[in-house]
Amino acid sequence: MLLLPTAATPALDWVFWFKYLMDISIKSGLVMAAAGLVTALMRRRYAAADRNFVWTFALLVAVLLAAGSAVLPAWNLALLPEPDLGGDGLEFSRLVQRMNHSYNGEDAAVSLDRLIDDLRALVPGHGAAVWIKGVLVIWFGGSVLYLLWLAAGWLGLRRLVRRSCPADNAWYERVRQIGREFGLDRRIRVVISRQIKTAITVGIYRPVIILPAGAQDWALPRRRMVLSHELAHIQRRDMFVETLVQAAVTLYWFHPLVWLGINRLRVERERACDDAVLNAGTRPSAYAAELMAVAADLGNRRRSLWAAAVLSQGSSLKDRLLCILDPHIIRRSRVRLYAATAGLLILGCTLPLAAFGLWYPESLFPPLKVLDVDPQKIPLYISNLTADEASARQQAVLSLQHVHWKYMDYVVKHALVHPDENARQAAIDLQLNRDERRVKSLLAMAAKKASYPVNRIAENEIKRISGRKTIHELVNAKGYALLNEGEFEKAIEVFLLNIQAFPESSNAYDSLGEAYLLMGDRKTAARYYQMSLKLNPQNDNAAKMLQMIESGVSLKKPPVKAG
C-alpha cells in the first residue's frame with residue numbers, strides 16, 4: 001500500500017484510501033478486542049492503573065497503525081476481495097482486447113469518448129463507485145467536524161482559565177505538600193472559577209488545577225481528597241494520554257470498538273486516581289462520602305462546550321463508590337514493571353499489523369511505478385503463457401505488467417520465440433501500449449537480423465500491428481482534438497489520465513507539456529518536457545520546446561498531432 005510520489009500518481013486515489021480505511025478499521029478492531037480480553041483476565045489480580053496502561057497501549061497502537069499503514073509497504077494476505085469500482089471496472093487485459101476490436105478501424109473516432117471512460121476505470125480512483133467516495137467523504141467530514149468541535153472546546157477552556165482568579169497561598173501550600181507525596185517537584189498553578197461546580201485539571205506541560213468558587217468553604221479533609229485526585233491525574237500524565245484519545249477519536253470516530261476502548265480507559269483512569277487517593281491514607285468511607293457530596297453539588301447541570309477538552313470523568317458514580325468500598329480490590333500498581341518493555345511491545349505489535357494488508361494484490365495495470373525485475377526471469381513469464389487467446393492476454397498482463405519498460409527488448413525477444421501465436425501476440429500487444437515506437441523498432445531489427453523462422457515471425461508481427469493505434473495514442477489524439485477546440489482544461493485532464501495509465505510513455509509527457517505551454521504555465525510545461533526527455537533522450541520535439549521556453553518564445557497555436 002505504499003504510495004510512491006511520482007508524476008503519474010493521481011491527486012486522489014479513492015480506492016486506495018477506501019482500502020486504507022477498511023484496513024485500519026479491521027486492524028484496530030482486533031487490537032481493541034485483544035486489549036479487552038487481556039484486561040478481563042487482569043480484572044481481579046491487577047490494579048486499575050495496570051488495566052488503564054493496557055488500554056492506553058492499545059489506543060497508541062491503533063493510532064500508530066493508521067500512520068504506519070499509510071506509508072509502509074504491505075504484504076497482502078488476500079483475505080478481502082477488491083472493492084467494486086463501479087461501472088465496468090475494466091482490467092488492463094480487457095482494455096487491450098477492446099483496443100484490438102472496437103478502438104481501431106472505421107469506428108475509432110466514434111469510440112474515442114468511450115475509450116476515455118474505460119481508461120478512467122483503468123486508473124485507480126477515477127472508476128471508484130459513488131458509494132466508495134461517499135464513505136470516504138463521510139469519514140473525512142466526521143473527522144473535520146470533530147476537530148472543529150474540539151478546537152472550540154480548547155478555545156472555551158483557555159477563556160475559562162484566563163477569566164479565573166488565582167487561589168490564595170493556603171491552596172498553593174497544600175498543593176506543594178501533597179505534590180511531594182506524589183513525587184511532583186514542579187510548580188502547579190491553582191485558580192478559582194465561578195463557571196464550574198467541580199475541580200478539573202488542564203494542561204500537559206504547565207498543568208492548571210481549576211477549583212469552583214465554593215472551594216473556599218471546603219473543609220481541610222475535602223481539600224486534601226480533591227487535590228490528591230487532581231494531582232494523581234498530573235502525576236500519571238493523564239492529559240497527555242487524553243491527547244492520544246482525541247487523536248484516536250479523530251481517526252476512528254465511527255468505530256464502536258475504539259469507543260468501547262476509550263470508555264474503558266477513562267473508567268480505569270478514574271479508578272486509578274481514586275486508588276492513588278486511598279493509597280495516600282484516606283479512609284474509603286470518608287472518600288466515598290466526599291464523592292457523593294461532589295455529585296450533589298453538580299446535580300444535572302448541562303455540560304459546557306469546553307468540557308470536551310478536559311479529562312472526562314468516564315465512570316459512573318455508583319461504579320466508583322463500589323470500587324472504593326470494596327476491600328478486596330488491589331490498589332497498588334505494578335505498571336512500572338512494564339515500562340521498560342512498552343517500547344518493544346509497541347514496535348512488535350504495530351509494525352507487523354501495519355505491514356500486512358488484507359486485500360488481494362491489485363490486478364490493475366500499475367499506475368504508480370513499474371517495478372524492476374530480474375531480466376533472467378522474463379523467459380519464465382513468457383513460457384507460462386497458455387495457448388488460449390483470452391487466457392494468454394490475461395496472463396500476459398498479470399505476469400508482465402510489473403516488468404520495467406527498460407526490459408522491453410527482453411520481453412519482445414522471448415515473445416518472438418514462443419511457439420503459440422496467441423501468447424506471442426498477447427505479450428507484444430501489452431508492450432505495444434507501453435512504447436509503440438520501441439516495439440516496432442525491435443521487431444524491425446529482428447526482421448532484418450534474426451535467423452529463420454524468427455525473422456519471418458517478426459515480419460508477420462510488423463504487418464499485424466501496421467497502422468494500429470495503441471490506447472495511449474488514441475487518448476493522445478483525443479487530447480489534441482480538445483486542444484484544437486480550445487478546451488485546454490479538458491485536454492489536460494485527458495493527458496494526465498494518459499500518463500497515469502502509461503507512465504512509461506515519453507510521448508504522453510510531451511503532449512501534456514504542450515498543453516501546459518498553451519495555457520501559459522511555462523514552468524509546469526518545462527517539467528513535463530524534461531520528464532519526456534528522461535524517458536526518451538531522442539525526443540527532438542521536447543528538446544526543441546525546452547529551448548523555446550528558455551528563450552522566452554510562446555506557443556501561439558496547438559500543433560495538430562495524432563499520437
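No hydrogens or angles considered: nothing links the side chains of T250 and S143 as a donor-acceptor pair under 3.5 Å. N422 and D388 form no side-chain donor-acceptor contact under 3.5 Å, judged by distance and modelled atom types alone. In the model, E514 has a side-chain atom that pairs as donor or acceptor with a side-chain atom of Y480 under 3.5 Å.
A salt bridge links K27 to D23: at least one charged side-chain nitrogen sits closer than 4.0 Å to a carboxylate oxygen. Salt bridge R266/E242: present, at least one basic N to carboxylate O contact under 4.0 Å.
Between the Y20 side chain and the A66 main chain, a donor and an acceptor come within less than 3.5 Å of each other. Here the side chain of N384 pairs a donor or acceptor atom with the backbone of L380 at under 3.5 angstrom. In this structure a side-chain-to-backbone donor-acceptor pair under 3.5 Å is missing from S532 to Y528. Panel note: side chain W253, backbone A248; no donor-acceptor pair is recorded below 3.5 Å. Of the possible polar contacts, none joining the R424 side chain to the A415 backbone as a donor-acceptor pair under 3.5 Å is found.
Considering every non-hydrogen atom in both S511 and N476, the closest pair reads OG-ND2, 2.7 Å. Taking each heavy atom of A35 and W55 in turn, the nearest pair found is CB-CZ3, 3.6 Å. The heavy-atom pair separating A526 from L546 by the smallest distance is O-CD2, 3.6 Å. Across every non-hydrogen atom of L385 and H418, the tightest pair is O-NE2, 3.5 Å. Residues S506 and N536 share a closest heavy-atom pair of OG-CB, 3.3 Å.
Evaluation of the side-chain contact (heavy atoms from CB on, under 4.5 Å) rule for A491 yields L482, L483, F495 as partners, not counting sequence neighbours. Taking R264 as the reference, E268 meet the salt bridge (Lys or Arg N to Asp or Glu O under 4.0 Å) condition, with sequence neighbours excluded. Evaluation of the side chain to side chain donor-acceptor pair (under 3.5 Å) rule for T386 yields S391 as partners, not counting sequence neighbours. For K413, there are no salt bridge (Lys or Arg N to Asp or Glu O under 4.0 Å) partners at least two apart in sequence or on another chain. Considering only residues two or more places apart in sequence or on other chains, E461 meets the side chain to side chain donor-acceptor pair (under 3.5 Å) condition with R464. Every residue two or more places apart in sequence or in another chain that forms a salt bridge (Lys or Arg N to Asp or Glu O under 4.0 Å) with R456 is listed here: E459. With sequence neighbours left out, E421 forms a side chain to side chain donor-acceptor pair (under 3.5 Å) with Q425. The ring pair (Phe, Tyr, Trp, His ring centres under 6.0 Å) test applied to Y252 returns no partner, not counting sequence neighbours. When the side-chain contact (heavy atoms from CB on, under 4.5 Å) test is applied to I204, the partners found at least two apart in sequence or on another chain are M239, F240, T243. For V454, the side-chain contact (heavy atoms from CB on, under 4.5 Å) partners at least two apart in sequence or on another chain are L416, V417, A450. Legend: residues meeting side chain to side chain donor-acceptor pair (under 3.5 Å) with N455, ordered by chain and number and at least two apart, are absent.
From L265, atom CG reaches atom CG of L260 across 11.0 Å, with rounding to the nearest 0.5 Å. We find the CG-CE distance between L517 and M545 to be 6.5 Å, quoted to the nearest 0.5 Å. The CG atom of N539 lies 12.0 Å from the NZ atom of K544; values are rounded to the nearest 0.5 Å. The distance from the CG atom of L37 to the CE atom of M32 is 13.5 Å, given to the nearest 0.5 Å. I465 CD1 to L443 CG: the interatomic distance, rounded to the nearest 0.5 Å, is 5.0 Å. Taking CG of L432 as the reference point, atom CG of L442 lies at 11.0 Å (rounded to 0.5 Å).
Screening residues 438-452 for salt bridge (Lys or Arg N to Asp or Glu O under 4.0 Å) gives E436-K440 as the qualifying pairs, with residues at least two apart or on separate chains.
Looking at heavy atoms from C-beta onward, S28 lies in side-chain contact with H255 at the 4.5 angstrom threshold. A heavy-atom distance below 4.5 Å is found between the side chains of L21 and L136. Within the 4.5 Å cutoff, the side chain of V258 has heavy atoms near those of the L59 side chain. When side chains are defined from C-beta on, I499 does not count as touching M531, because their heavy atoms never get closer than 4.5 Å. L496 has its side chain out of reach of E493: every pair of non-hydrogen atoms, C-beta onward, lies at least 4.5 Å apart.
Outside the 6.0 Å centre-distance limit, the rings of Y509 and Y529 are not counted as a close aromatic pair.
Few gaps surround OH on Y516; more than 12 heavy atoms of other groups in view lie less than 6.0 Å from it.
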Does L497 form a side chain to side chain contact (heavy atoms under 4.5 Å, CB included) with V475? I'd like the steps, not just the answer. CA-CA 9 Å; L497 205 60; V475 175; 5.5 Å; no
One pair to check against side chain to side chain contact (heavy atoms under 4.5 Å, CB included): M22 and K19. What are the steps and the verdict? CA-CA 5 Å; M22 296 298 295; K19 292 165 67 175; 5.8 Å; no
Could you walk me through whether V411 and L430 pass the side chain to side chain contact (heavy atoms under 4.5 Å, CB included) check? CA-CA 10 Å; V411 177; L430 181 64; over 6 Å; no
If you apply the rule side chain to side chain contact (heavy atoms under 4.5 Å, CB included), what do you find for S25 with F254, and how did you get there? CA-CA 9 Å; S25 299; F254 58 90; 3.2 Å; yes
